**Student:** 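I'd like to ask you about the structure that follows.
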There are 2 protein chains.
Amino acid sequence: MILMLTGYPMDKMQEVEAFFRTGHLQYIPHLSVDCVIFGFHEGELKVLLLKWKHLERWSLPGGPIRRDQSVDETAHVVLKDRTGLDDIFLQQFYAFGSMDRKESVLLELFDRLNVSNHEANWLSERTVSIGYYALVDFSKVNPVPDFFSEACSWWDVCDRPSLLFDHDAMVERALQTLQQQLYYQPIGLNLLPDKFTMPELQQLYEAVLGRKLDRRNFQKKIQKMGIVERLKERRTGGAHRSPYLYRFDVPRYEQALAEGLAYGF
Amino acid sequence: MILMLTGYPMDKMQEVEAFFRTGHLQYIPHLSVDCVIFGFHEGELKVLLLKWKHLERWSLPGGPIRRDQSVDETAHVVLKDRTGLDDIFLQQFYAFGSMDRKESVLLELFDRLNVSNHEANWLSERTVSIGYYALVDFSKVNPVPDFFSEACSWWDVCDRPSLLFDHDAMVERALQTLQQQLYYQPIGLNLLPDKFTMPELQQLYEAVLGRKLDRRNFQKKIQKMGIVERLKERRTGGAHRSPYLYRFDVPRYEQALAEGLAYGF
DNA sequence: TATTATTGTGTACATCATACACAATGAGGC
DNA sequence: GCCTCATTGTGTATGATGTACACAATAATA
């Protein structure tokens, strides 16, 4: 097999060729993970997508499962390899295994790369994919596309391109799971700066839930959770009345994560 | 390969031999489903287990995933083949993929069956298993063990034998998922007879949740759900005051299933 | 007929969800 | 310096819900 592409370093090309030709020795065929990475920026909920070279289409970051790695480990490695994101708290949410997830677009890609169907046929059948999601701090990560991708970028969850495979359904299901989780788990730590205002925290909740919340009731509910403490400082520089700054009470936050909240949103 | 067992019909033996020898052509190696089937009987929550021949150990009913079947379909087929249970509403709850789920007991079984490791090695590596659970009417099913099992029987969830593989963890996780589901979904239809009493329904909830509930508050909550109607009849023959009979209002029940309950237990 | 365990029922209290209005603030424009 | 204006901070009233709790009715049994 010779990859008929130019402009790539030779060692990378050899690595990619080996992946197509002998990947079935290292990876379990028909099994993969896909990651739905949510980010929060300027009041909007974002999702991290990869744009495939030669296909001009977008998908979630995903990849096959190595024979010597647990599925959880694989999810972290795949995310790191395909987007550069490291040390992310990933949560499994569903295994997608219907028969119509034949990844026929991959055949098109193989064709563009001059990979024969036969050589890469360990990749061309129906694949069962295990979905993971995460909620990350938009400003603290630096997405980098991998060899197969020409872009790795954030899209508004509600205004994203149509995705390859069944990845649209994966995003919907991940979002639904995240919203349900909001009912009994706190969020915000690792997503907001150390010090944040109540309106900022509320924006985060509104972005995830996709609906507006009442300012006063939101504040009461958060205070009752007992996971934040108000500081003496206020955030200045805004055009209006300065809001107070808050900080997460990390021990209480961790406790609420572990034990669950009595009631949520 | 010759299976050195006596007392089995020849065609069955050939089928089993073919499964070990050429199963990898029909099934996806390293991928399986396991089913946690809960039943309700005499106020106790039960789980359906298989006892392996030659191993004298118990496990959940499970099996490999066919290349031409969706994972959901496979779960139904596996359950039917291994326990005889048909037409059961199965729900996926988690994919188990840690590296320590090498099914080394299977090697022991192969040894007893005189299957060489080499011939069945498509079955002997780490397997990723997708867990499904169901809640079935104890009295309406008739469990039948398959070729590999010498028994298929109900065990009290809280008093069951230690299981093979990581199946103990699977039962715990399935139960936890079922309990969480109770907060926003009704249960009981297909589990109780057409006509049932309020104490019977309460026993079902108590068995699943593993705790006692207040009689009066339970009744109020169920009535507010609007999924049952009280009949004029009472159940006679008991040693004490006759309880009223109830019936599920099926359209409302289905609606609550689809839309979710506002609040639950 | 007395016993006994079980069933049916209603009320009081605390908690929670929700709706809602007005005063304080801080930048920018005049 | 003053006005404007969007934003933040705060409290209360009402209805719904969760929870705790006691006593009368009943149906078989002895």
Side-chain angles (χ1 to χ4, degrees), chain A residues 42-43 179-180 182-184 186 188 192-193 195-207 209 211-247 256 260-265, chain B residues 42-43 179-180 182-186 192-193 195-207 209-247 256 259-265:
Chain A
E42 290 176 354
Q179 287 171 350
Q180 282 174 6
L182 217 57
Y183 279 81
Y184 52 91
L192 294 172
K195 298 173 183 177
F196 54 89
T197 67
M198 196 54 73
E200 282 166 355
L201 183 61
Q202 184 175 343
Q203 271 196 331
L204 171 61
Y205 274 79
E206 288 177 341
L209 288 171
R211 61 188 169 90
K212 289 285 171 195
L213 300 170
D214 181 274
R215 218 155 37 91
R216 291 153 288 189
N217 298 334
F218 177 81
Q219 179 147 200
K220 269 186 291 188
K221 214 176 251 182
I222 294 291
Q223 277 170 347
K224 214 161 24 192
M225 287 181 191
I227 57 170
V228 297
E229 57 173 334
R230 188 159 93 173
L231 307 176
K232 293 260 190 300
E233 306 170 68
R234 291 161 168 259
R235 163 149 308 158
T236 56
H240 311 291
R241 179 171 182 174
S242 310
Y244 281 103
L245 287 170
Y246 289 79
R247 189 162 52 190
L261 297 162
Y263 287 101
F265 289 86
Chain B
E42 290 177 354
Q179 286 170 351
Q180 282 173 7
L182 217 56
Y183 279 82
Y184 51 92
Q185 300 235 304
L192 295 171
K195 298 173 183 178
F196 54 89
T197 67
M198 196 54 74
E200 282 166 357
L201 184 61
Q202 184 175 342
Q203 271 195 331
L204 170 63
Y205 274 80
E206 288 177 341
L209 289 171
R211 62 187 168 90
K212 290 283 170 197
L213 301 171
D214 181 273
R215 218 156 35 91
R216 291 153 289 192
N217 297 333
F218 178 81
Q219 179 148 200
K220 268 187 293 188
K221 214 176 253 185
I222 293 291
Q223 277 170 347
K224 212 159 29 190
M225 286 182 191
I227 56 171
V228 296
E229 57 173 334
R230 188 160 92 174
L231 308 176
K232 293 258 189 301
E233 305 171 69
R234 290 160 168 261
R235 164 150 307 159
T236 55
H240 311 291
R241 178 171 182 172
S242 309
Y244 281 102
L245 286 170
Y246 289 80
R247 189 162 55 189
E259 298 175 8
L261 297 160
Y263 287 100
F265 289 86

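Values in this document were obtained by computation on a predicted structure and should not be read as measured data. Only this structure's heavy atoms are used, side chains among them; waters, hydrogens and symmetry mates stay out.
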**Student:** Work out which heavy atom in B/L213 is nearest to a heavy atom in B/F218; give both atom names and the distance.
**Tutor:**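 Looking at all heavy atoms of both residues, the shortest contact is CD1-CD1, 3.8 Å.
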**Student:** Measure from NZ on A/K212 to P on D/dT7 and round the result to the nearest Å.
**Tutor:**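 Rounded to the whole Å, the gap is 10 Å.
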**Student:** Can you tell me the distance, in whole Å, between the OH atom of B/Y205 and the P atom of D/dG18?
**Tutor:**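 For the pair B/Y205 OH and D/dG18 P, the rounded distance is 13 Å.
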**Student:** What's the CZ-C1' distance between A/R235 and D/dT7, to the nearest Å?
**Tutor:**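 It works out to 14 Å between those atoms.
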**Student:** Strictly below 4.0 Å, heavy-atom distances to any atom of DNA chain C: list the hits from residues 195-203 of chain B, or just say none.
**Tutor:**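 Residues of residues 195-203 of chain B under 4.0 Å from DNA chain C: B/P199.
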**Student:** Choose from C/dT9, D/dG11, D/dT10 the nucleotide whose nearest atom is closest to any side-chain atom of A/K220.
**Tutor:**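 Nucleotide nearest to A/K220's side chain: D/dG11.
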**Student:** Between the main-chain N or O of A/P243 and the side-chain N or O of A/R234, is there a donor-acceptor pair closer than 3.5 Å?
**Tutor:**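 Between the backbone of A/P243 and the side chain of A/R234 there is no qualifying donor-acceptor contact (under 3.5 Å).
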**Student:** What's the CD-C1' distance between B/Q223 and C/dG8, to the nearest Å?
**Tutor:**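 From B/Q223 CD to C/dG8 C1': 11 Å.
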**Student:** If you check the A/K224 side chain, which of C/dC16, D/dT19, C/dG8 turns out closest?
**Tutor:**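 The closest nucleotide is C/dC16.
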**Student:** Are the side chains of B/N217 and B/K220 in touch, meaning some heavy atoms are under 4.5 Å apart?
**Tutor:**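 The answer is yes, as the side chains (C-beta and beyond) meet within the 4.5 Å cut-off.
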**Student:** Have a look at the helix from C/dT1-D/dA30 to C/dC30-D/dG1 and give the angle its two end axes make, five pairs each, rounded to 10 degrees.
**Tutor:**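 It works out to 0° between the end axes.
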**Student:** Measure CG/B/D214 against C1'/D/dT17 and give the value in whole Å, please.
**Tutor:**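 Those two atoms, CG and C1', are 14 Å apart.
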**Student:** Looking at every non-hydrogen atom in both residues, tell me the closest pair between A/L261 and A/P186 and how far apart they are.
**Tutor:**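 Here A/L261 and A/P186 meet closest at CD1-N, 3.7 Å.
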**Student:** Which atoms form the tightest heavy-atom contact between A/L204 and A/G188, and what is the distance?
**Tutor:**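 Where A/L204 meets A/G188 most closely, the heavy atoms are CD2-CA, 3.7 Å.
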**Student:** Out of D/dG9, C/dG8, D/dA20, which has the shortest distance to the side chain of B/N217?
**Tutor:**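 Among D/dG9, C/dG8, D/dA20, the one nearest the side chain of B/N217 is D/dA20.
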**Student:** Just the rounded figure in Å: distance from P of C/dC20 to CG of A/L213.
**Tutor:**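 Atom-to-atom, A/L213 to C/dC20, this comes out as 16 Å.
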**Student:** Looking only at non-hydrogen atoms, find the nearest pair between A/S242 and A/R235 and report the distance.
**Tutor:**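 Here A/S242 and A/R235 meet closest at CB-O, 3.3 Å.
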**Student:** Answer yes or no: is there a side-chain heavy-atom contact under 4.5 Å between B/I222 and B/M225?
**Tutor:**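 Yes, their side chains come closer than 4.5 Å.
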**Student:** Strictly below 4.0 Å, N to O, side chains only: are B/R211 and B/E206 in salt-bridge contact?
**Tutor:**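 Here B/R211 does not pair with B/E206 in a salt bridge, since their nearest N and O are not under 4.0 Å apart.
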**Student:** Please work out whether the ring planes of B/F196 and B/Y246 are parallel, tilted or perpendicular, with thresholds of 30° and 60°.
**Tutor:**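 Parallel, since the angle between the ring planes stays under 30°.
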**Student:** Which residue is it: A/Q219, A/R215, A/K212? I am looking for the one with a side-chain contact (heavy atoms from CB on, under 4.5 Å) to A/Q202.
**Tutor:**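 Only one option passes, and that is A/R215.
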**Student:** Tell me the interatomic distance from B/I222, atom CD1, to C/dG8, atom C1', rounded to whole angstroms.
**Tutor:**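 After rounding, the reported distance stands at 16 Å.
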**Student:** Starting from P on C/dT18, measure out to CZ on A/F218 and report it in whole angstrom.
**Tutor:**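 Spelled out: CZ on A/F218 to P on C/dT18 is 14 Å.
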**Student:** Please classify the nucleic acid contact of B/R230 as base, sugar-phosphate, or nothing, using heavy-atom distances under 4.0 Å.
**Tutor:**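 Sugar-phosphate: the residue B/R230, judged by heavy atoms under 4.0 Å, touches backbone atoms but no base.
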**Student:** Rounded to the nearest 0.5 Å, what separation is found between the CG atom of B/D214 and the NZ atom of B/K221?
**Tutor:**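 Reported value, rounded in 0.5 Å steps: 10.0 Å.
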**Student:** Quick one: pull up CG in A/L245 and CD in A/E200 and give me the separation to the nearest 0.5 Å.
**Tutor:**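 Reported to 0.5 Å precision, the distance equals 8.0 Å.
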**Student:** Using the side-chain heavy atoms of A/R216, tell me which of these nucleotides is nearest: C/dA19, C/dG10, C/dC20.
**Tutor:**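 Of C/dA19, C/dG10, C/dC20, C/dC20 is nearest to the side chain of A/R216.
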**Student:** At under 4.0 Å between heavy atoms, which parts of nucleotides 25-30 of chain C does protein reach? Answer with one letter per nucleotide, 5' to 3': B base, S sugar-phosphate only, - none.
**Tutor:** BBS---
